[in-house]
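Report on the structure given below.
Throughout, a chain's letter reflects where its sequence line sits, starting with A, and its residues are numbered from 1. Here the structure is a predicted model, which is why all the values come from computation and not from measurement.
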Amino acid sequence: MLRIATWNVNSLRVRLPHVLDWLALAKPDVLALQEIKMQDEQFPYEQFQQIGYQAIVSGQKTYNGVATLTRFAATDIVKDFPDFVDPQRRVLAATISGIRVLNLYVPNGESVDSEKYQYKLAWLAKLHNYCQQQLQQHDKMIILGDFNIAPDDRDVHDPTAWAGHVLVSERERQALQGLTDLGLVDTFRLFTQDDKIFSWWDYRGGAIWKNHGLRIDHIFATQALAERAESCEIDKKPRKRKRPSDHAPVIAQFRLD
DNA sequence: ATGGCGTCAACATGACGA
């Protein structure tokens, strides 16, 4: 059995108590964190070590930064897409228990007419190439993180208001479809076709209490793993605590032999 | 139409996020 989760914590410094509490309750084997907003030297390795997790980190001051906590050894660590020089720390690949685990913080994109949107699309093209290359070497692969893309209108609280905007725009959705075309499966949709289930809610306007959100945090898996998937769920409880991240953790469970 | 909320770096307020 493998329990693996993803959570954009929006500052690990601020959210450390929530992360420690959630690890104790949810007991994942692996937790992919995004937006840790700290450098490697500031990472609280000891506090995770004390509860049985080792950490691999690609940190960055102020913005971005990803880390993967794991109960099992992590090898073959990669922190950049090949041939893509990027000071922004958004990628962390490792092999854990024979599974290639790719932790991602996909760029936000700001708005569809911005430079940052072009960066997002270019970044997603590099991701596609990297996945294609990795899939040739690994039949068991999990790609998880904050994708900053809602796959379809079921994943959007108000599709009319959001139509054409960044996070739901056609070109981003096509990029995500490109991963599906490579054989990667959105594990959440193996278990429910319900609409209005979200992983992110705006801090403003009490969005969590009105369930005004988006499903933008995902756990994709290759077919070899998808057929062993037992669940994929979003845990809203941490989002309802005081001083929360604006994202909730997503956790999937796989049967392994 | 704008800001709405939170974090960071810094010490005022702008950048950034989604």
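- Contacts of A:Asp217 with the nucleic acid, taken as non-hydrogen atoms under 4.0 Å apart, are absent.
- Rounded to an integer number of Å, the gap from A:Asp146 CG to B:dG17 P is 11 Å.
- Legend: residues meeting side chain to side chain contact (heavy atoms under 4.5 Å, CB included) with A:Ala175, ordered by chain and number and at least two apart, are A:Leu124.
- Tested against A:Phe220, the residues A:Leu104, A:Leu184, A:Leu225 include a single side-chain contact (heavy atoms from CB on, under 4.5 Å) partner, A:Leu184.
- Applying the ring pair (Phe, Tyr, Trp, His ring centres under 6.0 Å) criterion to A:His128, with sequence neighbours excluded, gives no partner residue.
- Residue A:Tyr119 contributes atom OH, which lies 13 Å from atom P of B:dC16 at whole-angstrom precision.
- Atom CD of A:Glu35 is separated from atom P of B:dC5 by 19 Å (rounded to the nearest Å).
- Atom-to-atom, NE2 of A:His212 to P of B:dC5 comes out at 16 Å; the value is rounded to the nearest Å.
- Straight-line distance between the C1' atoms of B:dG3 and B:dG14: roughly 15 Å, to the nearest whole Å.
- Spacing between atom CZ of A:Phe147 and atom P of B:dG17 amounts to 18 Å, rounded to whole angstrom units.
- Counting non-hydrogen atoms under 4.0 angstrom, A:His165 reaches nothing in the nucleic acid.
- Separation of the C1' atoms belonging to B:dT2 and B:dC11 is 27 Å when rounded to the nearest angstrom.
- Centroid-to-centroid, the aromatic rings of A:Tyr130 and A:Phe84 stay 6.0 Å apart or farther.
- Scanning for side chain to side chain contact (heavy atoms under 4.5 Å, CB included) contacts around A:Gln47 gives A:Leu16, A:Leu20, A:Pro44, with sequence neighbours left out.
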Collect all protein-nucleotide pairs involving nucleotides 2-4 of chain B in which both atoms are nitrogen or oxygen and the distance is under 3.5 Å.
unit_1, atom_1, unit_2, atom_2, d
B:dG4, N7, A:Arg204, NH1, 2.7
B:dG4, O6, A:Arg204, NH1, 3.0

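- One atom, CH2 of A:Trp209, and another, P of B:dC5, lie 15 Å apart when rounded to the nearest Å.
- Here salt bridge (charged side-chain N to carboxylate O under 4.0 Å, His left out) pairs that include residues 5-21 of chain A, with residues two or more places apart or in two chains, are A:Asp21-A:Arg241.
- Evaluation of the side chain to side chain donor-acceptor pair (under 3.5 Å) test over residues 214-224 of chain A, restricted to residues two or more places apart or in two chains, returns A:Asp155-A:Arg215, A:Asp186-A:Arg215, A:Ser199-A:Asp217, A:Arg215-A:His218, A:Asp217-A:His247.
- Every pair passing side chain to side chain donor-acceptor pair (under 3.5 Å) that includes a residue from residues 78-92 of chain A is listed here, sequence neighbours excluded: A:Asn64-A:Arg90, A:Asp80-A:Arg89, A:Asp86-A:Tyr119, A:Gln88-A:Arg90, A:Gln88-A:Tyr119, A:Arg90-A:Tyr119.
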A correct 5'-to-3' footprint of nucleotides 7-15 of chain B, with B, S and - meaning base, sugar-phosphate only and no protein heavy atom under 4.0 Å, is SSS------
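- In this structure A:Thr95 satisfies the side chain to side chain contact (heavy atoms under 4.5 Å, CB included) test together with A:Thr75, A:Asp76, A:Arg100, A:His138, sequence neighbours excluded.
- With both ends at atom C1', the span from B:dA10 to B:dC16 equals 16 Å, rounded to whole Å.
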